[in-house]
Amino acid sequence: MEYLENTSMTIMDKLGILTDAAKYDVACTSSGSERKGSGNGMGNAISAGICHSFSTDGRCISLLKILYTNECIYDCKYCINRRSNDVPRASFTPDEICELTIEFYRRNYIEGLFLSSGILKSPDNTMEQIYTAIFQLRHVYHFEGYIHVKTIPGTSPDIIEQLGLLVDRMSVNLELPTAEGLQKLAPNKHRKNILTPMRQVQNGIARNRNELVLYRHAPQFVPAGQSTQMIIGATGETDYQIVNVAENLYRKFDLKRVFYSAFIHVNQDKDLPTLPGGPPLLREHRLYQADFLMRFYGFRATELLSEDRPNFNVYFDPKADWALRHLEKFPVEINRAPLEMIMRVPGIGVKSARKIVQARRHGNLTFDHLKKIGVVLKRALYFITCSGKMMYPTKLEEDYIARHLLETGERLPFNRDGSTYQQISLFDAGMVAEQPDVFRAI
């Protein structure tokens, strides 16, 4: 393992190494929080205060995204920063983290900081240094912008508690969907050490919410919530297993986001899968689509997949695939159907569905009205009626509708030349936005 002495490196040398080392950590979307600044410092973290520049999957590119260090005592087989890899190593100091954040902010490059890390001597040793950096940012430099910190599993509860009062969002990487996969590829990490800080943050947020009701000016604890990340394709779990894990995380830990990262083969190891087709990016794309359906459209994991049908359709997004398999529920009458059913129509997003329910109070809607509202009629027309009539004569048959949907195509994360799927990354240009997809017609 090649360690470079920090004394021989400039801060820009370290920045080059530690931004590159952070590019595989995708769990850094930020929509800001409702924590207002004091008015005496610089920056704020209210929703309007975060300058959103979204990639195709909604990742915010207004954050300075770096590792505190890429040195690590662990030897996770999938990680570029594993102990046994011969790569350039670097570590920031708390002062350097502050200097970088403030200087980038003053130049209007960023509105916040996303800070993750390898593990130096121990989880506590590393997180204590990160705490020092964040404390100085808040209380010495008076930085009131958005801060997201990755918590290292195994960190003492006292450090997590203190850090939670300084940052906006915290996250703990689940790493792999199952404990068996974790044991195989990351033997230094244990599921209990990951879930314990998750539970602590969840309880801290709930406790703080009650404190704020009683004491208006109580300090806020992780006001933007917590998230996690799973690597997809490094182990043999099905899509059905993965979406069930995600659903349970949302339900049991009140997570804001679960991020999915297609496995990239950066190390040679007998326990890692060979990927002749490259990273499973279409699979990552389908999981994000399913995730939005579970969080915003009212779908359950068991509605999207099953043990008999454990993986997503290659050709159709999960919502269209569900509709094709449940044609008995269609067509949906736009002027009478409940909101929940309208949201399940392919081509109608959450925002459009709500506009439909509001607009029909003033009279029956036509297909022209739906087009103006924002409904993607080339997808929706097979599944809806307006005042009992379909837009065109249409067979309510799976093969017929599937063939016509395939002709319309769908937006997928292709490379610019249209040849292959590309890894969705904070640092890529030319990507397709996910954050608007919350309300876009899925």
Side-chain angles (χ1 to χ4, degrees), residues 1-28 30 41-43 45 50-51 53 59-74 79-83 85-152 155 159 163 166-171 266 425-429:
M1 178 161 58
E2 179 186 349
Y3 287 99
L4 299 184
E5 292 294 330
N6 286 335
T7 55
S8 65
M9 302 176 70
T10 67
I11 191 170
M12 296 310 294
D13 291 334
K14 295 180 184 181
L15 185 63
I17 292 171
L18 294 170
T19 52
D20 186 66
K23 67 184 179 183
Y24 299 110
D25 202 329
V26 299
C28 62
S30 163
M42 64 174 69
I50 296 294
C51 295
S53 180
R59 293 177 177 82
C60 178
I61 61 173
S62 64
L63 301 179
L64 173 61
K65 180 186 178 190
I66 51 177
L67 295 185
Y68 186 83
T69 179
N70 68 336
E71 299 180 17
C72 197
I73 61 174
Y74 290 170
C79 182
I80 189 67
N81 301 312
R82 63 187 294 188
R83 182 182 67 240
N85 271 3
D86 184 18
V87 297
R89 306 281 177 168
S91 300
F92 286 123
T93 65
D95 287 336
E96 288 171 336
I97 292 292
C98 294
E99 179 184 344
L100 281 169
T101 305
I102 297 304
E103 290 304 317
F104 271 69
Y105 177 81
R106 285 173 174 162
R107 287 168 173 76
N108 202 30
Y109 295 153
I110 63 164
E111 287 292 334
L113 171 68
F114 173 85
L115 187 59
S116 187
S117 186
I119 304 169
L120 286 164
K121 297 178 181 178
S122 68
D124 277 0
N125 176 272
T126 309
M127 291 304 296
E128 283 171 358
Q129 294 185 48
I130 289 175
Y131 171 79
T132 299
I134 304 304
F135 183 89
Q136 288 181 198
L137 264 177
R138 292 299 197 205
H139 296 288
V140 177
Y141 292 86
H142 305 292
F143 180 72
E144 297 181 342
Y146 181 92
I147 298 177
H148 178 172
V149 167
K150 269 291 173 67
T151 302
I152 298 172
T155 300
I159 299 175
L163 192 57
L166 297 175
V167 302
D168 295 279
R169 175 168 288 185
M170 297 181 78
S171 53
V266 295
S425 166
L426 182 71
F427 300 104
D428 290 340

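Contact between Thr19 and Leu15 at its shortest, heavy atoms only, is OG1-O, 2.7 Å. Taking every heavy atom of both residues into account, Asn85 and Cys79 meet most closely at ND2-O, 3.6 Å.
Within the 3.5 Å criterion, the main-chain N or O of Ala90 finds a donor-acceptor partner in the side chain of Asn70. Proximity of a side-chain donor or acceptor of Arg138 to a complementary backbone N or O of Phe143 within less than 3.5 Å is detected. The main-chain N or O of Ile147 is found under 3.5 Å from a side-chain atom of Asp168 such that the two form a donor-acceptor pair. Not one N or O on the side chain of Tyr141 forms a donor-acceptor pair closer than 3.5 Å with the backbone of Gln136.
With sequence neighbours excluded, the residues satisfying side chain to side chain contact (heavy atoms under 4.5 Å, CB included) with Val266 are Tyr24, Ile80, Ile264. By the side chain to side chain contact (heavy atoms under 4.5 Å, CB included) test, Asn125 is found to be paired with Leu120, Lys121, Ser122, Gln129, residues two or more places apart in sequence or in another chain being considered. Applying the side-chain hydrogen bond (donor to acceptor under 3.5 Å, both in side chains) criterion to Thr69, with sequence neighbours excluded, gives Ser91. With sequence neighbours left out, Tyr74 forms a side chain to side chain contact (heavy atoms under 4.5 Å, CB included) with Cys72, Cys76, Ile119, Pro123, Asn188, Lys189.
One distance of note links CG of Asp13 with CG of Leu18; it measures 10.5 Å at 0.5 Å rounding. From Arg89, atom CZ reaches atom CE of Met9 across 12.0 Å, with rounding to the nearest 0.5 Å. Here the CD1 atom belonging to Ile159 is positioned 7.5 Å from the CE atom belonging to Met127, to the nearest 0.5 angstrom.
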**Message:** Ile11 vs Phe92, test: side-chain contact (heavy atoms from CB on, under 4.5 Å). Steps then yes/no.
**Reply:** CA-CA 8 Å; Ile11 191 170; Phe92 286 123; 4.2 Å; yes
**Request:** Determine, stepwise, if the pair Leu166 / Tyr131 fulfils side-chain contact (heavy atoms from CB on, under 4.5 Å).
**Result:** CA-CA 9 Å; Leu166 297 175; Tyr131 171 79; 3.4 Å; yes
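Classification of the His139-Phe135 ring pair by plane angle, with boundaries at 30° and 60°, yields tilted.
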Side chains of residues 97-104: which donor-acceptor partners sit under 3.5 Å, not counting sequence neighbours?
from	atom 1	to	atom 2	distance (Å)
Thr101	OG1	Ile97	O	2.8
Glu103	OE1	Arg107	NH1	2.7
Glu103	OE2	Arg106	NH1	3.3

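The shortest side-chain heavy-atom distance between Tyr68 and Pro94 falls under the 4.5 Å cut-off. Contact of the Ile130 side chain with the Lys150 side chain is not registered, since no non-hydrogen atoms from C-beta on lie closer than 4.5 Å. Contact check for Ile66 versus Lys14: no side-chain heavy atoms found under the 4.5 Å cut-off. Inter-residue side-chain proximity for Asn81 and Leu67 is flagged as met; some heavy-atom pair is nearer than 4.5 Å. Within the 4.5 Å cutoff, side-chain heavy atoms of Ile134 are placed close to those of Leu115. By the 4.5 Å heavy-atom criterion applied to side chains, Leu113 and Tyr105 are not counted as neighbours.
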